[in-house]
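Everything on this sheet refers to the single structure shown next.
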Amino acid sequence: LVHAELASHGVEVLTGTTVEAISKGAPGEDRRLRVEAVTASGAAVTRLADLVLVVVGVRPDTELAKAAGAELGARGSIAVDRGMRTNLPDVLAAGDCATTYHRLIGETYLPLGTTAHKQGRVAGENATGGNREFAGSLGTQVVKIFDQAAARTGLRDHEAAAAGFDPVTVESHADDHKAYYPGSHRITMRVTGDQRTGRLLGVQLFGHKHAEIAKRIDIAATAIFHGMTVDAVSDLDLSYTPPLGSPWDAIQIGAQAWSRQARPR
Ligand SMILES: Cc1cc2nc3c(=O)[nH]c(=O)nc-3n(C[C@H](O)[C@H](O)[C@H](O)COP(=O)(O)OP(=O)(O)OC[C@H]3O[C@@H](n4cnc5c(N)ncnc54)[C@H](O)[C@@H]3O)c2cc1C
């Protein structure tokens with residue numbers, strides 16, 4: 001879905017392709033950046049670009065902390081407890097350099113601005129004599145791609161399986177508001193739940209940027225945060241008026257699709 005949106009805006013997407021070199025023509029030559037890559041099948045690909053963004057993930061720079069004796073945790077980040085305390089007396093760590101407590105899987109590394117703010121507040125309070133605990137992350141994220149938005153919260157199917165759950169993931173579609181009212185948009189949903197307990201484990205949403213994708217993923221995040229079952233999402237009292245929603249909100253239609261397939265009554 002993301003690929004299609006990029007392509008419809010003239011973006012060429014090459015996956016499974018390794019960039020080997022980026023060079024710039026000498027003065028007098030074409031001054032655009034020359035990106036040389038090799039596809040998975042070994043074919044050489046060259047493209048000229050005005051701008052190259054290097055997006056290779058996040059790695060915590062914890063050399064200083066390590067040299068000072070700090071224990072490291074997931075992906076080399078500084079190991080902290082729920083109070084953001086390191087193993088070193090009077091040293092607290094928060095944000096992208098520190099481990100993150102995840103409400104479904106425990107300690108992990110999940111560098112996000114939302115998490116950094118909450119961890120920073122906990123660390124600050126504890127540094128000044130307080131006793132606060134970081135409540136935990138679910139990795140809730142949303143991103144805009146041209147006219148579309150993609151969002152996730154909780155675990156994807158393979159992550160849930162790796163964490164010992166018995167996940168079932170069901171894909172479904174629903175309109176953001178009543179289709180008879182102009183301007184409605186289709187939302188694609190993936191709901192992951194635990195087949196043993198019925199617990200909601202994760203949701204992914206994709207749809208138009210005006211389809212309240214962020215609001216809807218936040219409903220799912222709230223539900224997962226408080227350990228709700230997928231069935232219980234269907235019972236939530238959510239708002240409705242035809243230009244803005246449906247009597248069953250899209251997120252509830254996704255929950256019902258999951259319950260029909262994964263735990264038929
Ligand atoms: C392009 C981009 C987009 C993002 N979009 C989102 C988003 O949409 N939503 C979201 O939740 N998160 C987003 N993030 C992640 C978010 O920005 C980070 O998780 C967050 O900023 C981490 O906060 P922090 O305080 O831990 O670290 P930082 O914000 O990196 O702050 C660390 C600071 O320490 C300083 N510093 C480093 N070394 C030293 C030193 N030796 N001495 C003194 N100062 C030092 C740095 O200069 C920096 O100012 C995005 C990140 C990037 C890069």
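Note that ligands are numbered from 1 as they come in the structure, with each ligand's atoms numbered from 1 the same way.
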Determine, for Tyr101 and Arg82, whether the Lys NZ or Arg CZ falls below 6.0 Å from the six-membered ring centre while staying within 45 degrees of the axis.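 Arg82 over Tyr101 ring: yes.
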
Phe225 six-ring centre to Arg103 NZ/CZ under 6.0 Å and within 45° of normal: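 Flagged: Arg103 positioned over aromatic ring of Phe225.
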
Can you check whether a protein heavy atom sits less than 4.0 angstrom from [atom]?
atom: atom 18 (C) of ligand 1; value: yes
atom: atom 53 (C) of ligand 1; value: no
atom: atom 22 (C) of ligand 1; value: yes
atom: atom 42 (N) of ligand 1; value: no
atom: atom 26 (O) of ligand 1; value: yes
atom: atom 38 (N) of ligand 1; value: no
atom: atom 47 (O) of ligand 1; value: no

Taking the inter-plane angle between the rings of His177 and Tyr181 on a 0 to 90° scale, is it parallel (under 30°), tilted (30 to 60°) or perpendicular (over 60°)?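 Answer is perpendicular, since the angle exceeds 60°.
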
Between Ala116, Pro60, Ser137, Gly113, which one has a non-hydrogen atom sitting closest to atom 11 (O) of ligand 1?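 Of the listed residues, Gly113 has the closest heavy atom.
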
Report the member of Thr140, Asp61, Asp96 with the shortest heavy-atom distance to atom 20 (C) of ligand 1.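 The option holding the nearest heavy atom is Asp96.
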
Say whether Thr46 and Glu36, considering side chains only, have a donor N or O and an acceptor N or O under 3.5 Å apart.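 Checked: Thr46/Glu36 side chains show no N/O donor-acceptor pair below 3.5 Å.
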
Inspect the surroundings of CZ in Arg132 and state if more than 12 heavy atoms from other residues, nucleotides or ligands are less than 6.0 Å away.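 No - once you tally the heavy atoms of other residues, nucleotides and ligands closer than 6.0 Å, there are 12 at most.
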
Tell me if the CZ atom of Arg85 is crowded by more than 12 foreign heavy atoms within 6.0 Å.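 Enclosed: over 12 neighbouring heavy atoms sit under 6.0 Å from CZ of Arg85.
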
Under the ring pair (Phe, Tyr, Trp, His ring centres under 6.0 Å) test, residues paired with His102 that sit two or more places apart: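 Checked His102 against ring pair (Phe, Tyr, Trp, His ring centres under 6.0 Å); zero matches.
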
side-chain hydrogen bond (donor to acceptor under 3.5 Å, both in side chains) partners for Gln141, two or more places apart: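 By the side-chain hydrogen bond (donor to acceptor under 3.5 Å, both in side chains) rule, Gln141 matches no residue at all.
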
Give the residue and atom name of whichever protein heavy atom lies nearest to atom 8 (O) of ligand 1, and the separation in Å to one decimal.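 Checked against all protein heavy atoms, atom 8 (O) of ligand 1 sits closest to Val142 O, 4.8 Å.
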
Going by the order shown, which atoms of ligand 1 are within less than 4.0 Å of some heavy atom of Gly95?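 Those atoms are 26 (O).
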
